[in-house]
Amino acid sequence: MPTPRVIYWFRTDLRLHDSPALKAALDLSPEVLFPIWCWDSHYVYRARCGVNRWQFLLDCMNDVSASITKLNKKSQLYVLREPAVTILPKLFKAWGITHLVYEKDTDAYARERDVEVRRLAKEAGVEVVERMGRTLWDPDELVKANGGKPTMSMSQVQHAGAKVGEIQAVVETPTSLPDPGDLHLKKLEQQRPEVEPDINSQYREQDERSYDQGLAGPKKDFAPPTLEELGMPAATTPIKGGETVIWKRLHEEIFADEDYTGTFAKPNTSPAAFDPQSTCLTSPYLHFGALSVRYMYHKTEEIVERRKKAKKAVSEPPTSLTGQLLFRDMYFAAQAALGYAFGQTYNNPSCRFIPWHLPSKVSTSSKLITGSYEIDSEEAEVQFRRWRNGTTGFPWIDAIMRQLKQEGWIHHLARHAVACFLTRGGAYISWERGAEVFEEWLVDHEAACNIGNWQWLSCSAFYAQFYRCYSPVAFGKKWDPEGGYVRRYVPELKDMPKKYIYEPWKAPLVDQKKAAVRVDGDGSEEEKDGVKLYPKPMLDFNKQREVCIEGLKTAYRVKLYGNSRQVLDGTWKELFDDTAEGPTEGKMGGPGGLDTWDDAEGFGHDEDDGEGEQPVKKEKKPAASSPKATRGHKRERSQGTLDGAFKKKAK
DNA sequence: GCCAGGTTGATGGT
DNA sequence: ACCATCAACCTGGC
């Protein structure tokens with residue numbers, strides 16, 4: 001057996017502390033170790049990653065690279081400007097690799113990529129070593145312990161977690177690293193093919209920009225790129241990425257304040273607090289793996305246990321700090337169980353079907369569904385744009401959306417406020433449209449959590465109390481009666497009297513004049529006759545609230561899910577007509593999703609919904625006129641980008 | 001089948 | 001700060 005020559009492939013784990021995968025790599029006692037990042041994964045081949053998250057990723061890369069160099073002057077993070085599936089086979093050969101080691105990633109897209117990578121490794125005689133380090137428990141094991149079903153509630157996670165066993169202990173941080181070997185850059189660059197397979201030609205333009213710089217970048221030093229190299233403008237977020245950044249803050253500020261850590265209760269933290277924010281803001285570091293979630297969990301538990309012994313107050317899950325981490329695991333496991341379908345309503349057995357005024361792009365791109373919506377979606381489209389722009393005319397909503405765009409981060413409850421407002425508590429627009437905006441702008445965007453939370457807030461899954469509705473006026477007022485948060489992020493209202501700060505359209509003209517702002521228009525103009533403008537509200541909230549609740553009531557009565565037959569074949573609409581009164585007997589067209597791919601896995605929602613229809617299990621393929629209808633679309637919401645590209649190549 | 005509980009509503013009372 | 005009420009969803013335990 002030759003001495004191991006190892007590639008350590010960084011993906012979701014830009015850290016050196018508490019990394020089970022890195023430890024596994026070092027436990028091989030390798031002769032050489034190449035720490036690499038491939039120009040791959042979600043960050044190149046994706047439609048939507050805003051500049052702020054890009055910057056945060058680059059911060060994390062630079063930081064971990066510097067930490068590597070500290071342990072071994074000859075080493076660094078080698079950022080390769082080529083996707084894993086094409087560069088890895090070449091590296092295996094050129095570097096004489098025996099082992100490929102990485103942290104397990106259960107993201108739907110990552111799984112598909114990694115299946116291909118395993119195949120390529122096998123072909124090259126390279127052993128793959130994979131370790132879980134991204135969540136408290138392995139999402140696949142949580143799902144298994146949950147009866148093979150997606151985890152849809154906190155109690156399910158806690159029960160399944162108890163079955164899986166103790167959360168893995170923290171592993172030690174390496175104090176030294178092996179040398180990397182000769183990189184053979186010239187040889188590798190000569191071998192560079194025209195990018196084959198052509199993974200997602202739709203992102204071609206962006207790819208080419210980086211390929212033009214060569215495999216090792218403009219300076220041939222394998223350094224992380226700059227935003228300039230990527231052709232992007234400067235970032236606007238004040239949040240700085242990197243393991244050392246969060247490590248310092250975690251110990252010097254968060255854990256150092258044991259009262260804060262030990263009694264943390266999410267619902268009691270203010271969404272209107274800024275500078276500093278009311279929560280610990282660890283999410284983006286967890287996302288990029290710059291902070292280990294298990295380290296955070298164990299350290300928090302240590303503090304909580306110490307306080308318990310001292311008979312000091314502590315908080316408990318789900319509202320405590322560790323409770324927040326449990327929710328994260330819940331969403332990861334739900335995603336692991338559902339794969340690509342988790343990211344959309346269409347063909348998702350866990351997601352309730354609600355006929356939003358502005359449907360998702362998947363719905364509208366499906367021939368089966370287009371045309372079935374008769375609602376004035378043009379008005380909804382305008383409302384969507386105003387929501388995105390932060391010009392809804394509701395200062396609380398607009399302040400949040402503007403903070404999100406500028407800084408890439410908003411408080412959890414602020415996310416609730418704007419998500420509820422966009423979907424079931426205001427504009428009645430599909431959660432998928434909102435999720436896309438968060439995906440682009442959040443520095444902490446985690447596909448599983450973002451998707452899960454949008455389903456939660458829109459009452460599509462996880463949560464059902466749709467009559468609990470956030471008011472765009474009252475909710476902000478409750479947390480911030482003076483309106484300081486609004487004044488900070490909607491500066492045109494900074495001198496508006498407190499009385500009108502959440503409802504400026506009610507301010508008499510004389511007050512508007514004093515505040516040097518005119519409440520008028522739809523947000524398309526910033527100024528008129530030399531006076532600053534703030535838009536009038538884009539909808540009557542109290543009226544819309546009624547419309548939304550009625551809509552949700554109907555949708556819950558009709559009881560269709562994303563994989564119901566009527567959703568897949570586009571005949572759902574008749575079920576929503578004439579549903580105003582009475583029970584639903586006889587109105588439903590039969591169980592919905594019994595004949596879709598999900599049923600093989602046994603967790604459709606349709607088998608037990610009573611209502612007295614005969615099971616139509618027998619009719620194998622429904623009246624789907626397109627193969628899309630049964631296989632479902634894959635989306636690019638950070639899951640799913642490779643689609644057919646791999647498969648073609650695999651043959 | 002009943003009933004309590006569900007991380008984070010709003011309002012109007014004390 | 002702590003109620004009840006509004007209307008009424010689902011899940012989980014018995």
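Below, read A as the first sequence line, B as the second, and so on, with proteins coming before strands; counting in each chain starts at 1.
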Exercise for the section: Could you tell me if the ring centre of A:Tyr485 sits under 6.0 Å from that of A:Trp479? Expected result: no
Practice task
Could you please spell out the steps behind the ring-ring contact (aromatic ring centres under 6.0 Å, His included) verdict for A:Phe56 and A:Trp409?
Solution key: CA-CA 12 Å; A:Phe56 195 94; A:Trp409 185 89; over 10 Å; no
Exercise for the section: Give me the one residue out of A:Lys299, A:Arg306, A:Arg307 that meets salt bridge (charged side-chain N to carboxylate O under 4.0 Å, His left out) with A:Glu258. Expected result: A:Arg306
Practice task
For this output row, return yes or no: ring centroids of A:Phe353 and A:Tyr561 closer than 6.0 angstrom.
Solution key: no
Handout entry: Heavy-atom protein contacts under 4.0 Å, nucleotides 9-14 of chain B, coded B base, S sugar-phosphate only, - none
Key = BSS---
Exercise for the section: Grab the OH-P distance between A:Tyr561 and C:dC9 for me, whole Å please. Expected result: 13 Å
Handout entry: Nearest-Å distance for atom pair CH2/P, residues A:Trp456 and C:dC10
Key = 15 Å
Handout entry: Polar contact flag, side-chain donor to acceptor under 3.5 angstrom, A:Glu432-A:Thr345
Key = yes
Handout entry: Distance, rounded to the nearest Å, where A:Lys266 contributes NZ and B:dT8 contributes P
Key = 13 Å
Practice task
Using whole Å, report how far CZ of A:Phe327 lies from P of B:dT7.
Solution key: 5 Å
Problem - Nearest-angstrom distance, P atom, C:dC3 to B:dG5 - result: 15 Å
Handout entry: Strand contacts (DNA chain B) in residues 395-424 of chain A, 4.0 angstrom heavy-atom criterion
Key = A:His412, A:Leu413, A:His416
Practice task
Please confirm whether the backbone N or O of A:Ile254 pairs with a side-chain atom of A:Thr261, one donor and one acceptor, at under 3.5 Å?
Solution key: yes
Problem - Value in whole Å for how far the C1' atom of C:dC9 lies from CZ of A:Phe462 - result: 16 Å
Exercise for the section: Taking atom NZ of A:Lys405 as the centre, report whether more than 12 heavy atoms of other residues, nucleotides or ligands fall under 6.0 Å from it. Expected result: no
Practice task
Please report, rounded to the nearest Å, how far the C1' atom of C:dC9 is from the NZ atom of A:Lys559.
Solution key: 11 Å
Problem - Test: A:Asp105 and A:Arg134 ion pair at under 4.0 Å - result: yes
Exercise for the section: Using atom CG of A:Asn146 as one end and atom P of C:dT11 as the other, report the distance to the nearest whole Å. Expected result: 13 Å
Handout entry: Side-chain ion pair, A:Asp577 and A:Lys573, N-O less than 4.0 Å
Key = yes
Practice task
For B:dC2 and C:dC6, measure between their C1' atoms and round to the nearest Å.
Solution key: 23 Å
Problem - Closest listed nucleotide, where the reference is the side chain of A:Ser153 and the choices are B:dT8, C:dC10, C:dG12 - result: C:dG12
Practice task
Could you tell me whether A:Glu550 and A:Arg557 make a salt bridge, using a distance below 4.0 angstrom between a side-chain N and a carboxylate O?
Solution key: no
Handout entry: Euclidean distance for P, C:dG13 against B:dT7 (whole angstrom)
Key = 13 Å
Exercise for the section: Give, ordered by number, those residues of residues 154-166 of chain A having at least one heavy-atom distance below 4.0 Å to an atom of DNA chain B; if nothing qualifies, reply none. Expected result: none
Exercise for the section: May I ask you to check whether A:Phe394 and A:Phe421 place their ring centres under 6.0 Å from each other? Expected result: yes
Exercise for the section: Dump the intermediate steps for ring-ring contact (aromatic ring centres under 6.0 Å, His included) on A:Tyr489 and A:Phe274, then the final yes or no. Expected result: CA-CA 10 Å; A:Tyr489 291 101; A:Phe274 61 94; 5.7 Å; yes
Exercise for the section: Applying side-chain contact (heavy atoms from CB on, under 4.5 Å), name anything that partners A:Asp257, two or more places apart in sequence or on another chain. Expected result: A:Asp259, A:Tyr260
Problem - All pairs passing salt bridge (Lys or Arg N to Asp or Glu O under 4.0 Å) where residues 451-479 of chain A contributes a residue, at least two apart - result: A:Lys477-A:Glu503
Practice task
Represent DNA chain B in dot-bracket notation, 5' to 3'. Only Watson-Crick or G-U wobble pairs with both distances under 3.5 Å count; pseudoknot-style crossings use [ ] and interstrand partners use |.
Solution key: ||||||..||||||
Practice task
Send over the distance from A:Met152 CE to C:dT11 P, rounded to a whole Å.
Solution key: 9 Å
